[in-house]
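Notes follow once the structure below has been shown.
The structure displayed is predicted, hence computed values, not measured ones.
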Amino acid sequence: MKRALVISGGGSKGAFAVGAIKQLHQIYPSLVFDIYVGTSTGSLIVPLAAIDEINLLEEIYTTQSKGTIVKELRIGDRLNTDSIFDANPLWNLVNKYFTDDRYNILQTSGKKLYINTTCLQTEALTVFTNDTAATSKEGYEIRQITNSDHFRRAIMASSCQPVFMPTIQVNKNLPGNAEKDHQYVDGGVREYAGIEMAIDAGATEIFAILLSTGVNEPENKYYGDLFSLMQRTIDIFMTDVGKNDLIIPNQYNEALQYIDAVKRKMINDGIPGNDVNRYFTISESPYADKVPLKLFTIRPDAPLGGGPGGLNFDSAEMKGMLAKGIGSAIAFSGGLNPGDVTWA
């Protein structure tokens with residue numbers, strides 16, 4: 001059995017995920033994940049969660065202000081650049097906390113990490129990973145993380161919302177790399193929550209922490225300037241991507257549950273188990289040798305705030321989001337039935 005932690009995008013709303021992770025580990029001290037998948041703010045969280053730096057995550061996600069992540073600049077002064085914001089503060093934070101030592105600890109831990117980005121040149125969802133067995137699939141391309149600098153650049157790219165934040169040349173410092181000039185941005189453009197990666201990596205139990213409610217979140221305001229219009233448009237786009245991300249995994253799991261039910265019925269009707277398995281073992285099938293997933297979702301029941309795309313960073317508001325994450329994890333654990341999970 002392999003267990004995965006998947007964290008979606010959402011900027012400052014990532015504080016909710018940190019609170020949920022902190023509480024899950026308090027309720028279930030033996031809870032261990034084998035696979036970690038992060039998109040956007042999720043890519044900042046999962047590497048530190050993988051090496052049990054929960055206290056550091058709480059510090060990071062409760063002490064930020066907008067100036068420590070991005071600097072707002074005049075749109076008119078940025079027309080010949082690739083972003084409205086200056087994201088150097090975020091790059092400084094990535095370099096401060098995602099050190100060579102922490103990268104080495106992650107590499108020796110055996111934990112598999114997947115960081116979702118979007119490549120502007122290929123239009124593909126590009127997943128940077130330390131899993132040497134991972135291969136590209138129809139829905140995404142795999143790229144191996146080669147060193148600590150490459151690791152930090154992938155995290156930065158996944159965190160940068162296009163237009164508002166700069167594009168990142170993740171492979172820039174890799175000699176002879178044919179894709180060194182490729183520009184990467186937030187994976188949320190293509191994939192809000194990387195549940196598909198977790199399934200392909202062999203996870204049979206998936207905890208997905210999503211930073212939106214899953215329903216439309218109307219705002220009672222008038223968008224009267226170019227900046228707010230762009231923010232709201234990108235926010236709507238990424239929210240729609242997020243809704244689609246859950247459809248395929250749920251349909252996939254429903255198919256596996258149906259196949260499992262048919263197998264059990266055939267065996268109950270007297271057909272030998274070996275014969276049943278032989279009929280259902282088809283190499284070309286995406287369901288071959290797969291078992292039904294346990295897919296657990298933790299998400300807020302009301303909008304978290306943080307502005308469009310979670311680009312507003314306020315320490316007091318983020319502390320509130322963290323508290324809501326703790327409450328949602330408590331509610332989640334209270335709603336489980338005996339046998340729902342395998343860690344006990």
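- Every residue meeting the side chain to side chain contact (heavy atoms under 4.5 Å, CB included) condition with A203, not counting sequence neighbours, appears here in chain and number order: A4, I35, A198, I206.
- Residues meeting the salt bridge (charged side-chain N to carboxylate O under 4.0 Å, His left out) test with D260, sequence neighbours left out: R264.
- Looking only at distances, no side-chain donor or acceptor of S315 sits under 3.5 Å from a matching main-chain atom of T63.
- For T117, there are no side-chain hydrogen bond (donor to acceptor under 3.5 Å, both in side chains) partners, not counting sequence neighbours.
- For N268, the CG atom is densely surrounded, since the number of other residues' heavy atoms within 6.0 Å is greater than 12.
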### Query
What's the verdict on side chain to side chain contact (heavy atoms under 4.5 Å, CB included) for H182 and V170, showing C-alpha distance, side-chain angles and the deciding distance?
CA-CA 8 Å; H182 283 191; V170 177; over 6 Å; no

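- With D200 contributing its side chain and A134 its backbone, the two residues share no donor-acceptor pair below 3.5 Å.
- Y97 is linked by a side-chain hydrogen bond (donor to acceptor under 3.5 Å, both in side chains) to nothing, counting only residues two or more places apart in sequence or in another chain.
- When atom types are taken as modelled, the side chain of T68 and the backbone of Q64 share no donor-acceptor pair closer than 3.5 angstrom.
- Among residues two or more places apart in sequence or in another chain, the side-chain hydrogen bond (donor to acceptor under 3.5 Å, both in side chains) test is passed with D52 by none.
- A salt bridge is defined here as a Lys NZ or Arg NE, NH1 or NH2 lying under 4.0 Å from an Asp or Glu carboxylate O, and D100 with R152 meets this definition.
- For the 3.5 Å distance criterion, the side chains of T213 and R299 fail to qualify, holding no donor opposite an acceptor.
- Under the rule for a salt bridge (charged side-chain N to carboxylate O under 4.0 Å, His left out), the partners of R143 that lie at least two apart in sequence or sit in another chain are E141, E179.
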